[in-house]
Amino acid sequence: MAIGVFDSGIGGLSVHKALVDRLPAADFVYLADQANTPYGGRPGEEIVDLTRAGCERLFDAGCDLVVLACNTAASVALRRLQQTWLPGYRKALGRPVNVLGIIVPTIEAATGLPWEHEAERRGEKVEHLEVLGVFSTPATTASRVYEIEIDKRRQDVAVFSEPCPNLARMIETGADEAALKAEIAGHARALATRIGRPPDRAILGCTHYEITAELFRAALPPGTPLIHQPDATADAIERYLERHPEYRAGQSGLRRFLTTGTPGRQNGLVSTFWGGPLDFEAA
Ligand code: DGL
């Protein structure tokens with residue numbers, strides 16, 4: 001049995017890497033839906049259908065647990081699949097299986113950690129307002145999941161989202177660093193203009209963006225903290241597996257990488273990020 005990790009493409013490798021580092025003995029199957037990437041500009045129903053197909057493929061490959069390492073799939077499809085598809089599917093399979101997302105762990109990391117507050121003096125009253133910037137795909141931005149979930153937990157945090165319609169595709173197709181740098185700098189500027197100043201902290205709310213975290217760091221004022229989805233997710237999944245021994249993660253250190261796109265070697269950026277070349281087999 002294994003843990004499945006799903007993304008529209010290579011971005012989920014950022015989460016996958018953190019999971020593998022955290023649970024080195026566990027078995028992992030990664031699925032990149034590269035035949036259909038990017039998801040970020042697609043209608044919701046398509047994202048739900050594609051995500052369900054990806055989960056089925058991973059359960060067929062022997063996974064007990066699937067982690068949606070994709071903000072777009074998690075924000076648009078996760079709840080729908082958990083409510084309307086998984087209960088029947090689980091029964092038909094005859095074994096416990098589940099699908100988890102990466103948004104809640106990210107929001108817990110964003111709202112649960114102490115950080116510097118900006119104090120604004122208005123008369124005698126001191127107000128603390130943290131401005132959190134979220135960079136994400138248009139579908140994730142449109143879902144408003146970060147605004148809604150953070151607002152439920154912290155009234156002293158204002159969330160501003162910046163949709164980046166081209167960025168996941170550029171990363172997926174191996175755009176060069178200069179082009180990525182210009183694209184990311186443009187989005188950082190646009191967000192700062194909208195807020196009236198740069199954000200105090202930022203969430204890279206698309207798993208592809210984590211691979212270019214250094215470029216985001218360079219585009220934001222020095223020292224702007226970034227909330228890391230991969231670490232937050234690895235913490236949450238480790239705790240989840242401890243609480244749920246019915247989902248077996250395996251223990252032979254299996255690493256399989258599947259793609260619905262063209263099998264073979266992935267682009268140079270992935271290799272750099274991963275620390276070595278990575279070959280995918282046909283899904
Ligand atoms: N990496 C995914 C995410 O976190 C999807 C990007 C896309 O397919 O548009 O949103």
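Every value quoted in this text rests on a predicted model; they were computed, and no experiment measured them. Each ligand, and each atom within it, is numbered from 1 in the order the structure gives.
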Side chain to side chain, [X] and [Y], heavy atoms closer than 4.5 Å:
{"X": "T51", "Y": "D49", "answer": "no"}
{"X": "L68", "Y": "C55", "answer": "yes"}
{"X": "E214", "Y": "F216", "answer": "no"}

Carboxylate-amine/guanidinium proximity below 4.0 Å for E45 and R80: yes
Pairing of E149 and K152 as salt bridge, 4.0 angstrom limit: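 Salt bridge: yes.
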Tell me, which residues have any heavy atom less than 4.0 Å from some atom of ligand 1?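 Lining ligand 1 at under 4.0 Å, by heavy atoms, one finds D7, S8, T37, P38, Y39, G40, C70, N71, T72, T137, A168, C206, T207, H208.
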Can a donor-acceptor pair be found between the side chains of T137 and T140 at a distance below 3.5 Å?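 Yes.
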